[in-house]
Participant: 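Have a look at the structure that comes next, please.
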Amino acid sequence: MMIRQAAKKALGITSRQSTPCSVGIFRSYHENVIDHYDNPRNVGSFDKNDPTVGTGLVGAPACGDVMKLQIKVDEKTGQIIDARFKTFGCGSAIASSSVATEWVKGKAMEEVLTIKNTEIAKHLSLPPVKLHCSMLAEDAIKAAVKDYKEKRVKTNGA
Amino acid sequence: MATATRFLRRLPRSLKLPPTLLRSNVTRVLSSFAHKTNEPFESRIRHDSSIIIRSFSSQGPAPIDYSSILQEDEFHRLANVTINNLLEKIENEVLTLKLGSLGTYVMNKQTPNRQIWMSSPVSGPSRFDWDRDANAWIYRRTEAKLHELLEEELENLCGEPIQLS
């Protein structure tokens with residue numbers, strides 16, 4: 001228990017109370033959200049200087065949510081072969097970005113750009129006040145793909 | 001100020017408000033709302049006036065003169081603005097609008113970004129920035145305006161048109 005708590009702190013995963021998180025509604029998290037929180041998938045980092053890695057960093061600490069989502073792309077096929085995330089924020093934000101890393105694996109880059117925040121929200125049964133978390137996860141995916149593409153342009157251009 | 005006194009003069013004559021009482025109350029209520037910056041001035045005046053109506057009616061049952069009562073559509077407009085403003089105050093600057101089976105809206109201020117965030121059962125999450133040129137809150141991705149989007153969605157959800165600005 002202690003080790004898990006320490007690990008969560010080290011990974012920067014903490015639960016925070018800030019608007020819109022603290023609205024005073026008595027509702028518990030959906031079991032999918034709790035699952036992602038208790039059994040986080042794909043937590044970690046890639047080397048951001050690796051040319052096959054795209055890094056998306058979205059959100060701001062002042063807003064209560066920061067997500068870093070990284071994708072590792074197969075240069076030949078353009079498929080995402082692996083993904084990692086690190087999120088600072090509420091349980092819904094952590095779960096949203098965790099789901100995002102699961103869903104991008106094994107897909108083509110163009111395909112993951114069609115992942116909609118509504119799908120993530122539906123999968124996690126997010127309440128209205130947490131829909132913004134799923135939108136941030138969608139933004140993180142797009143930012144990671146954009147970063148990878150820009151890096152490729154730089155290396156190919158140079 | 002002139003708008004408020006003009007409006008108060010149109011109150012049911014049966015309430016028989018002395019003119020001096022009217023003037024002093026308007027100043028008092030208006031100054032308490034001086035801190036609000038985002039609302040257009042008109043809605044602020046209407047909010048204040050409707051509070052005055054309620055405080056005077058608590059002086060005792062007054063015979064209702066139906067010929068000079070508020071027109072129903074104006075009443076709805078005023079009541080909506082008032083209720084929305086009150087909700088905002090009560091819930092610590094988070095506005096929650098529960099429409100039962102139709103869904104729930106949540107709106108809040110996101111001060112670090114200078115944005116208003118809205119969560120809609122129809123269009124999902126959106127974030128509005130203040131556009132000085134358009135004098136409106138705009139969601140950059142869709143160029144939608146906050147008030148217009150709300151009006152359109154609420155009309156489609158509830159089946160009745162509503163005016164929010």
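Each chain gets a letter, A, B and so on, in the order the sequences are listed, and its residues count up from 1.
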Participant: Can you see whether Ser45(A) engages Lys68(A) through a side-chain donor-acceptor pair at a distance of less than 3.5 angstrom?
Facilitator: yes

Participant: Identify which part of Thr111(B) has an atom lying under 4.5 Å from any heavy atom of chain A, answering side chain, backbone, both or neither.
Facilitator: neither

Participant: Does any backbone or side-chain atom of Met107(B) lie under 4.5 Å from a heavy atom of chain A? Answer side chain, backbone, both or neither.
Facilitator: neither

Participant: Any idea which of Ser120(B), Gly124(B), Gly103(B), Ser119(B) has the most non-hydrogen atom pairs under 4.5 angstrom with chain A?
Facilitator: Ser119(B)

Participant: How many angstroms lie between atom NE2 of His36(A) and atom OG1 of Thr87(A), to the nearest 0.5 angstrom?
Facilitator: 12.0 Å

Participant: Can you confirm whether Thr101(A) sits close enough to Arg84(A) that some side-chain heavy atom of one is under 4.5 Å from a side-chain heavy atom of the other?
Facilitator: no

Participant: Assess whether side-chain contact (heavy atoms from CB on, under 4.5 Å) is satisfied between Ser123(B) and Thr142(B), documenting all intermediate values.
Facilitator: CA-CA 11 Å; Ser123(B) 55; Thr142(B) 59; over 6 Å; no

Participant: Count the heavy-atom pairs under 4.5 Å between each of Pro125(B), Pro121(B), Pro112(B) and chain A, then report the option with the highest count.
Facilitator: Pro125(B)

